[in-house]
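Computed from a predicted structure; not experimentally measured. Here is the naming used below: chain letters follow the sequence lines, and residue numbers restart at 1 for every chain.
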2 protein chains.
Amino acid sequence: MIEYTKCGSNDQCVEVIKNAIRNKELLIIFGKCTVDYQGRAASKLTEGERFVIIKQDGAIIIHRPTGYSPVNWQPNTSVIEVVERDNKIVITAIRNKPREIVWVYFSEIYGVIHGKLVDLGEFVMYMDENEIRDILYENPELIEKGLRFLEKEKSIGNGYADLFGVDKNNTPVIIEIKRISASREAVLQLFNYVKIYENMTGVKPRGILIAPNFTSSAIESIHKLGLEYKEINLQLLWKYKKAKEAKHGTLLEFFQKK
Amino acid sequence: MIEYTKCGSNDQCVEVIKNAIRNKELLIIFGKCTVDYQGRAASKLTEGERFVIIKQDGAIIIHRPTGYSPVNWQPNTSVIEVVERDNKIVITAIRNKPREIVWVYFSEIYGVIHGKLVDLGEFVMYMDENEIRDILYENPELIEKGLRFLEKEKSIGNGYADLFGVDKNNTPVIIEIKRISASREAVLQLFNYVKIYENMTGVKPRGILIAPNFTSSAIESIHKLGLEYKEINLQLLWKYKKAKEAKHGTLLEFFQKK
DNA sequence: TATTATATCTCGGGT
DNA sequence: ACCCGAGGTATAATA
């Protein structure tokens with residue numbers, strides 16, 4: 001399953017590492033190294049103790065002893081090469097599109113973990129933007145009385161508006177949803193759709209930004225650009241979803257039961 | 001430096017893990033587990049073989065055997081708790097701001113790596129947006145003859161324009177830089193600054209988007225919104241920087257030498 | 001393949 | 001503490 005090799009000689013190390021890569025095993029190398037990167041940008045990392053993860057699909061992640069983010073990485077490798085040179089073990093990881101190369105120079109390897117992991121587990125994420133969008137689509141009254149949705153992910157210009165519908169006066173409504181906090185960036189996104197829609201159809205639609213909260217400059221921009229916003233409560237949305245899943249009886253009955 | 005423990009009993013495992021966390025060591029646990037997460041969103045992961053990294057500052061990263069991205073994580077933990085319950089080893093990682101919890105339930109632990117890594121290395125990144133901005137600031141002729149820059153990261157409204165200056169006619173120029181490809185999003189960003197500047201000063205500035213290349217819809221939007229764009233060559237910028245670093249003689253001399 | 005928008009984005013810098 | 005914007009962002013979805 002998982003084997004640990006405490007590296008004695010470099011030769012032995014290289015052998016273990018090469019075998020693990022050839023067999024597409026998970027491989028983690030602990031040691032002292034420097035790292036170079038060149039591709040979309042370029043970086044240098046001077047010597048220190050780190051660990052390099054090479055996954056079963058060739059993804060490479062280099063971690064320092066602290067912090068969430070890897071210091072260097074290579075998501076899609078086309079070639080992983082391991083050689084000994086100048087008394088260092090050099091790992092070269094090449095990616096083709098875009099063309100990028102990561103070099104790890106180990107002056108010392110403390111140990112190597114390798115083995116095949118089997119993971120057929122299912123990952124499910126709740127309350128991401130898609131789910132919020134779907135709940136709102138099913139329950140337009142959460143936004144405004146008389147609102148009817150006509151389309152999810154409506155293609156407008158080259159982009160996609162989260163929701164599209166008409167209000168009680170049959171005025172088109174374009175809706176942009178943010179799951180956490182809506183900043184000015186979200187306002188600009190919405191404004192873009194509104195403008196393009198107006199240009200293409202000659203009809204000026206309403207643009208409503210929906211989020212659990214808004215930055216002050218977002219609200220400022222909303223006013224300046226003639227848009228609207230509405231705060232939503234994620235927990236309420238969640239209740240609506242659960243009520244719908246329960247499927248027995250109406251929403252009213254559901255909440256009375258609780 | 002690094003020690004590997006092949007776990008026999010659960011009790012022994014828990015002891016090793018607790019010690020490593022208490023001593024703020026790097027800790028990697030290999031085994032079969034399920035993972036739950038609740039916080040900004042929520043997720044469930046059914047059983048499979050994974051490894052959990054707990055770093056020396058408490059950052060937690062849970063990786064499946066393939067792919068660059070972790071399946072679950074916790075960047076800033078305030079509490080990490082390890083207990084045995086129902087014959088499972090449960091790791092609970094709590095973050096306070098925002099309030100989020102990750103639970104890992106190990107039904108089996110294959111082995112544990114732990115130890116203190118020392119990493120004082122320096123990481124330097126080249127040709128990120130800051131560097132490009134600085135080179136352009138020093139060399140406005142790369143964009144246009146007669147252009148003079150007055151400010152970097154100029155605060156406009158609630159945001160920041162990359163560069164601000166005046167052209168040969170003393171017309172204000174706002175510049176937005178993208179390091180790789182400029183999409184419509186970048187155009188909107190620039191448009192936002194231009195609009196706000198115009199609103200605040202009554203003077204209509206030029207807005208120039210600068211990037212090594214542009215998506216077709218970006219260029220379309222640029223024309224529609226009355227903005228401008230200019231393609232730059234990163235390698236040329238790099239040469240300018242190197243020339244400046246060389247410091248002996250003029251740019252002309254530098255290029256003649258090559 | 002290129003483009004678009006999301007992300008439990010993370011992270012750093014500024015106010 | 002909030003807000004803003006970059007990132008070698010990666011990743012998924014869509015034309």
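- Not counting sequence neighbours, the partners of B:Gln189 by the side-chain contact (heavy atoms from CB on, under 4.5 Å) test are B:Glu176, B:Lys178, B:Tyr193.
- In terms of position on DNA chain D, the residue among B:Asp128 and A:Ala218 whose nearest nucleotide sits closer to the 5' end is A:Ala218.
- The CG atom of A:Asn192 sits 13 Å away from the C1' atom of C:dT3 (whole-angstrom rounding).
- Screening residues 117-130 of chain A for salt bridge (Lys or Arg N to Asp or Glu O under 4.0 Å), with sequence neighbours left out, gives A:Asp119-B:Arg50, A:Asp119-B:Arg64.
- Applying the side-chain contact (heavy atoms from CB on, under 4.5 Å) criterion to B:Ser217, with sequence neighbours excluded, gives A:Asn158, B:Arg184, B:Thr215.
- Applying the ring pair (Phe, Tyr, Trp, His ring centres under 6.0 Å) test to A:Phe149 and every residue at least two apart in sequence or in another chain returns nothing.
- Atom-to-atom, CG of B:Asp162 to P of C:dG13 comes out at 16 Å; the value is rounded to the nearest Å.
- Mapping B:Glu185 and B:Val102 onto DNA chain C by nearest heavy atom places B:Glu185 at the nucleotide closer to the 5' end.
- At least one side-chain nitrogen or oxygen of B:Thr215 sits closer than 4.0 Å to the OP1 or OP2 atom of C:dT4.
- When distances are taken from the side chain of B:Lys97 to each of D:dG5, D:dG7, D:dA1, the shortest belongs to D:dA1.
- The stretch residues 67-80 of chain A touches DNA chain C through A:Tyr68, A:Ser69, each having a heavy atom within less than 4.0 Å of the strand.
- Partners of A:Ile180 according to the side-chain contact (heavy atoms from CB on, under 4.5 Å) rule, which considers only residues two or more places apart in sequence or in another chain, are B:Arg40.
- Counting non-hydrogen atoms under 4.0 angstrom, A:Met125 reaches a base of the nucleic acid.
- Residue A:Glu129 is classed as a sugar-phosphate contact, given heavy-atom separations below 4.0 Å to backbone atoms only.
- Applying the salt bridge (Lys or Arg N to Asp or Glu O under 4.0 Å) rule to A:Lys230 yields no partners; only residues at least two apart in sequence or on another chain are considered.
- When the nearest nucleotides of DNA chain D are assigned to A:Ser216 and B:Ile177 by heavy-atom distance, the more 5′-ward of the two goes with A:Ser216.
- At the phosphate of D:dG8, neither OP1 nor OP2 sits under 4.0 Å from any side-chain N or O atom of A:Arg99.
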Please write out each protein N/O paired with an N/O of nucleotides 13-15 of chain D under 3.5 Å, distance rounded to 0.1 Å.
unit_1: D:dT14; atom_1: O3'; unit_2: A:Tyr160; atom_2: OH; d: 3.1

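- Side-chain contact, B:Tyr37 with B:Glu100: a donor N or O sits under 3.5 Å from an acceptor N or O.
- Whole-Å rounding puts the B:Met127 CE to D:dA6 C1' distance at 16 Å.
- Distance check on atom C1': C:dC11 versus C:dA7 gives 14 Å, rounded to whole Å.
- Among the protein residues, A:Tyr126 comes within range of no part of the nucleic acid, since none of its heavy atoms lies under 4.0 Å from any strand.
- Counting heavy-atom neighbours within 6.0 Å of A:Lys152 NZ, excluding the residue itself, gives a total above 12.
- If you check D:dA6, C:dA5, C:dT3 against the side chain of B:Gln189, the one that comes closest is D:dA6.
- Note: CG (A:Leu190) to C1' (C:dT6) measures 16 Å, nearest angstrom.
- B:Phe30 meets the ring pair (Phe, Tyr, Trp, His ring centres under 6.0 Å) test with B:Phe51; sequence neighbours excluded.
- Near DNA chain D, meaning a heavy atom under 4.0 Å from it, residues 30-61 of chain A has A:Tyr37, A:Arg40, A:Ala41 in order of number.
- Phosphate proximity of C:dA5 to A:Lys178: absent, as no side-chain N or O sits under 4.0 Å from OP1 or OP2.
- Looking at residues two or more places apart in sequence or on another chain, you find a ring pair (Phe, Tyr, Trp, His ring centres under 6.0 Å) between A:Phe164 and A:Tyr197.
- In this structure, B:Arg184 does not reach the C:dA2 phosphate: none of its side-chain N or O atoms is under 4.0 Å from OP1 or OP2.
- Residues meeting the ring pair (Phe, Tyr, Trp, His ring centres under 6.0 Å) test with A:Tyr137, sequence neighbours left out: none.
- A straight line from CZ of A:Phe214 to C1' of D:dC2 spans 17 Å, rounded to a whole angstrom.
- Here D:dC3 presents its C1' atom at 17 Å from CD1 of B:Ile156, a figure rounded to the nearest Å.
- At a threshold of 4.0 angstrom between heavy atoms, the contacts of B:Phe123 with the nucleic acid are absent.
- Taking only side-chain nitrogens and oxygens, A:Arg133 never comes nearer than 4.0 Å to OP1 or OP2 of C:dT6.
- A side-chain donor-acceptor contact under 3.5 Å links A:Glu49 to the backbone of B:Val118.
- Between A:Phe191 and B:Phe191, the angle of the ring planes stays under 30°, which puts this pair in the parallel group of the 30/60° scheme.
- To the nearest angstrom, C1' of D:dA10 lies 12 Å from CD of A:Glu100.
- Residue A:Glu176 is the one, among A:Glu176 and A:Ile180, whose nearest nucleotide of DNA chain C lies closer to the 5' end (criterion: closest heavy atom).
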